[in-house]
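What's counted below: heavy atoms across the whole structure, side chains too, no hydrogens, waters or symmetry copies. Starting from 1, each residue takes its place in the sequence as its number. It should be emphasised that the depicted structure is a prediction, and the values quoted were computed from it without experimental measurement.
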Amino acid sequence: MEGQEKGSMDVVNGGANHDLKAILCSPSRDFLIRNNGDQVTVDNLKGKVVGLYFSASWCGPCQRFTPKLVEVYNQLLPDSKFEIVFVSGDEDNESFSSYFSKMPWLAVPFSESEIREQLDELFSVRGIPHLAILNKNGEVLTAEGVGLVQEYGAEGYPFDPETIGKLKEQEEEAKRNQSLQSLLVSRNRDYVITSDGKRVGVAELEVYQSLKEEKKDFEIVMIPLDDDEPSFKEEFGRMPWLSLPLQDQLCEKLVRYFELHTLPTVVVIGPDGKTLHSNVTEAIEEHGTKAYPFTPEKFIELQEVEKAKMEAQTLESVLVSKDCDYVIGKDGVKIPVHELAGKTVLIYFSAHWCPPCRAFLPKLIESYQKIKEQGKAIEVVFISSDRDQTAFDEFFSTMPWLAIPFGDKRKESLSRLFKVRGIPMLVALGPTGKTISTNARELITSHGAEAYPFTDERLKEIEEGYEKMAEGWPKKLKSALHVDELGLTKRQFFNCDSCGEEGQIWSYYCEECDFDLHPRCAFDTDEKGKTVEAEAGNSEVDEKKSGEGWICDGDQCYKK
């Protein structure tokens, strides 16, 4: 920056407060800009809480956070004591201008690259989006502005420790005294809505629940997480229950309050407003109305029922349904289920359209054929999630085993029984028909045909064999190929950074650098010494280490 030494920035950073004019301006510029080109002098920030927003158009997490920040900014705008200054991480003026056009606040001009770089350093920006919030005296209140805005919205203003502390206390108090009012009522709304737009007061809902309790009735309130209003209306129009309004500020708050991790999630609130269960989705899928009233006592009862079912499980109870007592082979030949009795049966949930399924299939075929060649009793039954008969026929034609017919209703009951959440999934049933493992896909992937018959005892034998394999090997060693010490580590799969070949089970590994060596390559390295080290100097691994740029992990983008 012309006329301003970098050392002066260090002085500003070293003090208790930041002089906004000193850190945001240059000798030839004392203003910030709006997206319409207007210039606003930095003096206009005096007496205001200021957020320095480090962001970029290419950053996915930034694009997701910016609309939320705009919403909060607009809510606080009437107060006029809060301002945001955009510090761009974009690489060209066109990208900056396009992104800045969506922002109602100020920005450091894109041409001031030195100022922007010095601000990055001054506020220790290691990832974006990053929001540093300063009080009216220029003191940094928090460097965690992104999280505070996401969690508290405009209620967090002015984002100082006192305000955030009070909000946390209120949340704890609300949890201790949870009610429908505390969960569903906000400062601006005390109602939920029906699919035709009518309002139902939350207070009425409390009375409704009390009156209907004896009739084993209950109400559902949807918490919509959509961004698209037509999609929300279409979906809500098919539902008989209530909902919070779309994009209501409480929707995100309830996601955090109930620590939501999966969708869909059904939280059950009792007549007294307290949480009965954090998620009954699975119980509803498996038991339907039998899961009501979702109390701890009811779930204990259901667990006993499930335990009894598992103890009594047979191949027929799994694969036979009414008059569907067969599976099919090639050309649609029907094979009675009872003919599979006494075999280890793998239930294979898969589909042609699924890339991981297609990737796993050759490994499963190879293992299946090896097990058969060894004279062991095994069969696989394919359960298709394909979208049409043609896709099913094409995929099944590549398999050497059996299937249930495409569109067979047993698929739904099997998916519920084995809690299928994703494909491919492979379930192993023992010779009596009882479930041995619902994780047979990983066992085949890791051990191939050696995993048969998929029992805990067999896995224990395999693990003991691996431990015996590594007897006498050093737990740690130094390699000429890598600066840091490498530790002997179990790795399901890896690519050796010396020979480039795939490896399994044991690796000499550096977690920090994600660096792997086959044990044989690690031992060879010690013998070859400097020769191998010289070859490694030209490896792709070294090239990757020296690269510069950013890495995005979904929530934030970081500098390498």
Side-chain angles (χ1 to χ4, degrees), residues 1 6 9-10 12-14 18 20 23-24 32 49-73 82-93 95-100 102-103 105-110 112-135 138-153 156-161 164 252 255-256 259-261 510-515 543-560:
M1 181 175 62
K6 185 176 178 181
M9 296 291 285
D10 293 334
V12 174
N13 197 33
H18 292 292
L20 292 179
I23 66 175
L24 295 176
L32 300 167
V49 173
V50 175
L52 299 180
Y53 182 40
F54 299 84
S55 183
S57 64
W58 51 260
C59 166
C62 297
Q63 291 178 351
R64 292 191 290 273
F65 175 69
T66 296
K68 176 66 178 178
L69 188 57
V70 169
E71 177 188 338
V72 170
Y73 178 84
F82 181 58
E83 189 54 81
I84 294 175
V85 178
F86 172 39
V87 183
S88 175
D90 278 306
E91 298 171 355
D92 59 79
N93 189 62
S95 299
F96 163 79
S97 299
S98 176
Y99 192 36
F100 185 39
K102 303 170 186 176
M103 302 177 183
W105 44 70
L106 306 173
V108 174
F110 182 76
E112 297 277 11
S113 58
E114 288 189 35
I115 292 286
R116 292 187 286 116
E117 288 175 6
Q118 290 175 15
L119 287 168
D120 279 354
E121 183 178 342
L122 182 64
F123 290 96
S124 302
V125 178
R126 298 292 178 263
I128 55 175
H130 181 93
L131 181 63
I133 299 178
L134 289 63
N135 67 13
E139 180 184 359
V140 177
L141 293 172
T142 180
E144 306 297 329
V146 172
L148 296 180
V149 167
Q150 288 175 328
E151 187 162 357
Y152 299 107
Y157 177 82
F159 307 103
D160 59 327
I164 300 303
E252 288 188 16
V255 167
R256 293 188 297 273
E259 299 178 358
L260 187 70
H261 297 297
C510 174
E511 183 177 5
E512 185 176 347
C513 304
D514 194 28
F515 184 89
E543 290 177 8
K544 289 178 182 176
K545 284 184 188 175
S546 63
E548 294 181 357
W550 295 75
I551 299 174
C552 293
D553 67 2
D555 295 320
Q556 203 172 37
C557 293
Y558 301 91
K559 287 181 179 177
K560 283 185 181 178

Can you label the angle between the [X] ring and the [Y] ring as parallel, tilted or perpendicular, going by 30° and 60°?
{"X": "F82", "Y": "F159", "answer": "tilted"}
{"X": "Y99", "Y": "F86", "answer": "perpendicular"}
{"X": "F123", "Y": "F54", "answer": "tilted"}

Atom pair [atom1]/[atom2] of [X] and [Y] - distance to nearest 0.5 Å:
{"X": "Y157", "Y": "Y73", "atom1": "OH", "atom2": "OH", "value": "11.5 Å"}
{"X": "L52", "Y": "L24", "atom1": "CG", "atom2": "CG", "value": "6.0 Å"}
{"X": "T142", "Y": "I133", "atom1": "OG1", "atom2": "CD1", "value": "6.5 Å"}
{"X": "D92", "Y": "S57", "atom1": "CG", "atom2": "OG", "value": "7.5 Å"}
{"X": "I84", "Y": "L106", "atom1": "CD1", "atom2": "CG", "value": "9.5 Å"}
{"X": "Y53", "Y": "W105", "atom1": "OH", "atom2": "CH2", "value": "6.5 Å"}

> Quick one: are V125 and V87 in side-chain contact, heavy atoms under 4.5 Å?
Replying inline: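 Heavy-atom side-chain distance check fails, nothing below 4.5 Å.
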
>> Quick check: do T66 and K102 have side-chain heavy atoms less than 4.5 Å from each other?
In response: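 No; the side chains remain at least 4.5 Å from each other.
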
I need the minimum non-hydrogen distance between [X] and [Y], along with the two atoms involved.
{"X": "L32", "Y": "V85", "value": "CD1-CG2, 3.8 Å"}
{"X": "A56", "Y": "C62", "value": "O-CB, 3.5 Å"}
{"X": "V72", "Y": "G153", "value": "CG2-CA, 3.8 Å"}

> Is the side chain of Q63 donor-acceptor paired with the backbone N or O of W58 at a distance under 3.5 Å, no angle test?
Replying inline: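 Here the side-chain-to-backbone pair does not exist.
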
> Can you check whether G89's main-chain N or O pairs, donor with acceptor, with R116's side chain at less than 3.5 Å?
Replying inline: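 No, because the side chain of R116 does not come within donor-acceptor range (under 3.5 Å) of the backbone of G89.
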
> Would you say E144 has more than 12 foreign heavy atoms packed within less than 6.0 Å of its CD?
Replying inline: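 Result for CD/E144: open.
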
> Partners of D160 by salt bridge (charged side-chain N to carboxylate O under 4.0 Å, His left out), sequence neighbours excluded?
Replying inline: none

